[in-house]
Every structure is written in structure tokens, then in C-alpha cells.
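Bear in mind the structure is a predicted one, so any value in this text is a computation, not a measurement. Values reported hereafter were calculated over all heavy atoms of this structure, with side chains retained and with hydrogens, waters and symmetry mates removed.
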Amino acid sequence: MTHAVLGPGKLRPEHLFRPRSVAVVGTETVDGAEVLGNIRAGAFRGPVLTAACAEDVQAFPEAPDLAFVCTDAVRDSLAALGARGCRAAVVMAMTNDLAAQAHAAGVSAFGPGSFGLAVPSIDLFAIRSHLRPKLGRAALVSQSAALCRAVLDWAEPNGVGFSHVVGVGGNHDLGFAPVLDWLSRDSETGAILLDLRRIRDPRRFLSAARAAARTRPVVAIRAGGRLLDPAGEAEMIMTAALHRAGVLVVDTFEDLLAAAETLTRARAPRSESLAIVTNAIGPAHMAADAVLREGLSLASLSPEVRSVLRLTAPREAVDRDIVYVGARSPIRLAEFAALVAGTPEVGGVLIVQAPTGPRDIEGIEAIVAAARTISIPLLVCAMGETTGARHRRALADAGVAVFAAPEQAVRGFRHIVQNRRSRAAAQELPPSAVLEVAPDCAKAAASFAAARAAGRSTLDPAEAGEVLSAYGVAVNGGAADGSPPLAVITHLDPLFGPAIAFGPAELAADRAVDLPPLNLPLAHALIERARLPARLAADSEARIADVLVRVSQLLIDFADIAELRLDPLRVGPKGVWVTGAHVRLRDATDPAWHLSLPPYPGELVTRFEAHGETLIVRPIRPEDAEAHERFFTRLHPQDIRFRFFSTIRELSREQIARLTQIDYDLEMALLAVREATGETVG
């Protein structure tokens, strides 16, 4: 869903990403000359207006849709552009207070220090680079001009093209959210690559990222995160936030490139098992080792398939889970890959090809032909440089995901699997069970007030116990069952607000992190991600999930909480309870915070009488998926046609997830349900 407001003026997204006319202000600067040269060399289809300085803007014969500001006189240039009627700008120069300058001028701007903007489909290459990206399916959105240049330099020989390259720059005014809004609806974009340094509005960013990740892979990297926070706490929280949005987070530049290689080319996997077809046993063993190190699985071929393979190539061998075709016939790599790809136990196929001689080009051509018929991911490791580089370029030009080393190819498949998991989790329909937390907020508030009145920001044990009991969390229960102590600890992140860590009490590195609000499915997922020494019993896990949801609600209700520690949290045959609780309120040194994810708007729940029964009207929630599906089956066909503008027999899981998992800040859906039965009636 598009965010309604992009800036102070009458700016439409088309002004930014499909401009009909552009202007360059500061053409006599080094950056201005480079940008103007790239625009003209790219043969942009609309008018290109030029100005050496801000004073020249008034002489423009028309107001450009988009202007590129390359002069240090940013304030004067934006003011002149706004007065001329331009509403969108990309600021390449450096300046302070860009947001204030842009707002005063009535112009929305990327920058400062933007790399520029490239949209190959309209031949727009207004970038600070010696290379122009070719048209393709990847979109690169970056704050770093240097990273943009590095990615474009890698993309050229690897045959990767782009739908958009957007330089966000310092992210002072326009940021990532409007870019993600646009890309989420752009049919030419297959995958989105994000280089994150500074997120100005995390709530809006996560909303836009989640909308984009519903329809295509979104991959993010954050350089410098560990430098700013050596302990890695902020990095864990950012990863958790991006995970909630369905974004795949990578740690290295190499992984970012591998993701670009695979996610824009490879098809969806049938499963998470990888089959290896090779003409060289040693490199194939390297690939198999990488598969196991990455926590993936090798495809276990059935005896029937193995028999067919041996009949087809009687002199060759199926080495455990590796299909070895020998080095005599280069086209066998493609033949066997196509054969293996058709078996149900295989989720993806990796061809490991070592150079053997001049006939290798026949094998490459056969792989290109086979790739058009294989319906699951096909990845190729074409080794070597003297001939291998030429082979990789031929495969890349044909749209095949290709790598120079076995380990790189396996990481590419891992990214496909991780994206599959993220997309599946985003579309997962949670069970209908809802934990209705009915806290005694007045009781908790009284404990906070008592501590404040005594001049303390930290609650004493009795006050902390009162707060927890007000939210239904047991304090000082009976005997434990012998399982190791656990901990629930909140962290206050300056960017994303409160986060909840759960795991072993004594090993902070084994804890998993998520952001409130939590419901029961999210709480169970948090428990599963924690590296617990032993698997919890089902009833114990359910009780811990109950505690996590209640802690989440406490953080939502009281923004004054700076720190909350339930350490240790004990598990026993009669329940879960806290034996040590620490609660600290914000003081003058603690930053103010807000939730990065919108909570359920319970204040909108109302009751009314209709036809002799009580109905509840409330906002929809993910747990309504099952009831929503049943409700759809009761609709009249004409009603369905009026709602969906077509005839639909049933809703897919993706449609149900889209209708029930909404961003309450941007959209709203209300249900009417019978109070007695919970049945959806409207």
C-alpha cells in the first residue's frame, strides 16, 4: 500500500521513479558534469534542463519532474526549484539540515551525498559512476555511493542487471520507505537489495519493507553495525526487526552479491535439499561439505533413481548423494541435471563443472538449454578463470545463476532457502487461539507511582512483583523440574525501541530476540529460535509463550519502562514463575521510545445489539484467518464479485494472509463477530 504523503509539496511517486523531464543544477561541478554526461550518454527520453547555479533555474522553460542538485548551494537550489514548481530532487552535494531546507522549499529530496538514480527501463542514468547498469530484475537501494559503484562493477561481468539503482544518501528527508513502496508495486523488479546505515523512521521503514517482502525477495546488509556496537546487541535487534518484516539479512558483501545472483534468476525451490551433479569428484565434495556446514541437506536419491542413473551411464558412479557423470561427454552434466531435477526428493540442483578442454563450450550450451526446462533452482559452479570466466559470462548472459567456487554456489542456494522460509513465515496462517491479556493496569501504575514518589527509578522486589502479578505472571512458585533456569530480558534500542530477549539465564549469546507486540505464534517462534540445552515439554513451552505475550503487553502499555529482567524464570510441573524480577523506569538519561511495530488497536473494539444478539466489532487480527476462510465460503457469489471484481471460488493462503495480517498504521479492516460463538458475520 502506498504511503499517502511523500513530502511537503504535491509530489507523486512517478516524479521520482518515472520522471518525464529532469534537470541538473550545478553542471560546472565535477559531479554535475558526470551526472549530465551519464544522462546524455544514456539517451534519456525526456527533456534535460541544465543550470550552472541556482539563479539559472528560473530560466527553465518548464518545471522538471525531478532535479539533481550537484552544487554546494543546496539551500538556494532547492528554493529556486520549489519556486519553479519542481517537487522532487536528488541531492548529490553534502549539506546540513537537508530535511528543513527541503521542507521550506516545498521539495522532497533524497540525500545528501546521494549516488544518484538509475532507471534503465526509461534510459535514465543520473549517477556518479563510470559504469551504467544494464536492465535487469534487481533493485539496489543504498546509502553508500562507494558500495553502489562496487556492486555495478561486479554486476557487469556477472551479467546482473537492475530495474532501479537508488542512492538514498544521508537519509535526511526522503528515505527507504517511499522507495520500497514503489518497488513493491513495480512489475520489473524481481529482488530488492538494501544497504542500510541509518533508518530515520523505523516504524514506517518496517511497514514498507514488510509490504515489499510479501511480493518479492528483500535482502539487507548493514555495514558498520558491529563497529558502533561491539557487543552486537543492536545488530541482533535490527536483525529481529527485519526478520519480522520478512527481510533476509546477510553479513558480508559476498553474501549480498550471491543473493543478487540467485534471487533474481533462480526459481522457487521444491524443498530444501540440494542435488549435486558434477564432472569432478573433488570440487563436488567441497560443495557437499559446504551444504552440510550451512545446515542444508543433500538430496537423497531413491534407489529407483540411482538405478536409472547407472543404466544411463553404466561406467560412471553415483557417489553417495553426488551424481558423477565423468569428464568424457560435457553435455552429460545438463542431461543428468535435468533428469535429477524431475525427481520429487530434489529441491534444487547444483552443477559443479571443472574445465576439461575445448569441448566444454558444448556442455555450457547444453546447460543453457536445460535451464529453460528445469522448474526448480539450477545453480552452476563453473570453475577456473582462463576458460571458466568465459563460461560464467555465457551462463550469466543466458540468465543462469552461476558462481566461480562451490562454496559460493551453496551460499546462493542457502539464500533461496532462507527467502523461502521468510516468505512462508509471512504467509503462515496462525491458529485461532488468542491469549486475551486482561491486566490490572491501575495496580501496575500504582507500583510505578510508588517508586517515583520515593525518588527511585528502580522498583523494589515487592513493587516489581505487584507489576508482574497485575499482568498474570506468577512470582515465587513451587519446586522446579530440574531444567536449567531461563531468562526474559528487555533491551531498549535507540532505533527500534524495546526488544525482548529469551533464552538460557547464564548464556546471553544463546538467547533469541524479537520485538513487541508478540502473539502466541510469535512467542512460540521466539522460543524455538533460542538455543535451549534441552527441548521443552509442550505444556512448559505453552506456559513460557504465555509469559512472553504478557511481558510484551506490559511494554506496550507502559512506555516508561526502561529495563525489565525476569531472571531466573523457572519451569516446574505446576507452571512457570519468576524468582528474580528487576524493573527500572526511564530517567533523564534514557531515550524516549516508541514501538517500531504497530500494536493491536484494542481501543477500537466495540459492542452493540443487533437482531436480539450481541455483536463485537473489532479490528481484524492474524488469528482470524481460519474464521475468515469460513466466512468467505458463506458469501453469495454476487457479493464476492462486488468485493473482488471477479469470480473467486476460494481464497488462497496468500490472500488470506494479506487480508488478515495488516499494518494498523496504514490500513484497517473491521470484523463483526457474534459474542457468543466468535463467528464472523461481517
Is [Y] close to [X] at the side-chain level, that is, under 4.5 Å between some pair of heavy atoms?
X: R198; Y: V168; value: no
X: L196; Y: F205; value: yes
X: I237; Y: E233; value: yes
X: M286; Y: E407; value: yes
X: E528; Y: E541; value: yes
X: L131; Y: D153; value: yes
X: E34; Y: M92; value: no
X: L140; Y: V166; value: no

> Please walk me through it: do V160 and R265 pass side chain to side chain contact (heavy atoms under 4.5 Å, CB included)?
Replying inline: CA-CA 9 Å; V160 174; R265 289 174 170 166; 3.9 Å; yes

>> Determine whether E362 and R359 satisfy the following criterion, salt bridge (Lys or Arg N to Asp or Glu O under 4.0 Å), listing intermediate values before the conclusion.
In response: CA-CA 6 Å; E362 299 175 15; R359 292 186 60 200; 3.4 Å; yes

> Judged by modelled atom types alone, do S144 and S142 share a side-chain donor-acceptor pair under 3.5 Å?
Replying inline: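 S142 and S144 do not have a side-chain donor-acceptor pair below 3.5 Å.
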
> Counting only N and O atoms by type, is there a donor-acceptor contact under 3.5 Å from the side chain of N279 to the main-chain atoms of A354?
Replying inline: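 Flag set: sc N279 to bb A354 pair under 3.5 Å.
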
>> I'd like to know if the side chain of T278 and the backbone of V352 have a donor-acceptor N/O pair within less than 3.5 Å.
In response: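 Here the side-chain-to-backbone pair exists.
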
> Are the charged groups of E272 and R421 less than 4.0 angstrom apart, N to O?
Replying inline: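 Answer for the salt bridge query: yes.
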
>> I'd like to know if R411 pairs up with E254 as an ion pair, taking the criterion as any Lys NZ or Arg NE/NH1/NH2 lying under 4.0 Å from an Asp or Glu carboxylate oxygen.
In response: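 So R411 pairs with E254 through a salt bridge.
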
>> Determine whether R414 and D255 satisfy the following criterion, side chain to side chain contact (heavy atoms under 4.5 Å, CB included), listing intermediate values before the conclusion.
In response: CA-CA 10 Å; R414 184 194 69 190; D255 279 341; 3.4 Å; yes

>> If you apply the rule side chain to side chain contact (heavy atoms under 4.5 Å, CB included), what do you find for V249 with I221, and how did you get there?
In response: CA-CA 6 Å; V249 181; I221 188 171; over 6 Å; no

>> Here's a test for you: under side-chain contact (heavy atoms from CB on, under 4.5 Å), which of L339, L350, V325 qualifies with V277?
In response: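 Only one of L339, L350, V325 forms a side-chain contact (heavy atoms from CB on, under 4.5 Å) with V277, namely V325.
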
> Step by step, would you call R244 with R210 a side chain to side chain contact (heavy atoms under 4.5 Å, CB included)?
Replying inline: CA-CA 8 Å; R244 282 285 288 274; R210 183 175 183 179; over 6 Å; no

>> Before you tell me yes or no, could you show the steps for D397 and R392 under salt bridge (Lys or Arg N to Asp or Glu O under 4.0 Å), namely the whole-Å CA-CA distance, both residues' side-chain angles and the distance that decides it to 0.1 Å?
In response: CA-CA 8 Å; D397 288 343; R392 290 194 295 274; over 6 Å; no

> Is the charged tip of R132 near the ring of F125: under 6.0 Å from the six-membered ring centre and within 45° of its axis?
Replying inline: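 Because its charged atom sits under 6.0 Å from the ring centre and within 45° of the axis, R132 does stack over F125.
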
> Would you call the rings of H164 and W182 parallel, tilted or perpendicular if under 30° counts as parallel and over 60° as perpendicular?
Replying inline: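 H164 and W182: perpendicular rings.
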
>> Test salt bridge (Lys or Arg N to Asp or Glu O under 4.0 Å) on R197 and D195; report intermediate values, then the result.
In response: CA-CA 7 Å; R197 309 295 170 88; D195 160 45; 2.9 Å; yes

>> Quick check: closest heavy atoms across S375 and R267, and the distance to 0.1 Å?
In response: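 In terms of heavy atoms, the two residues are closest at CA-NH1, 3.4 Å.
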
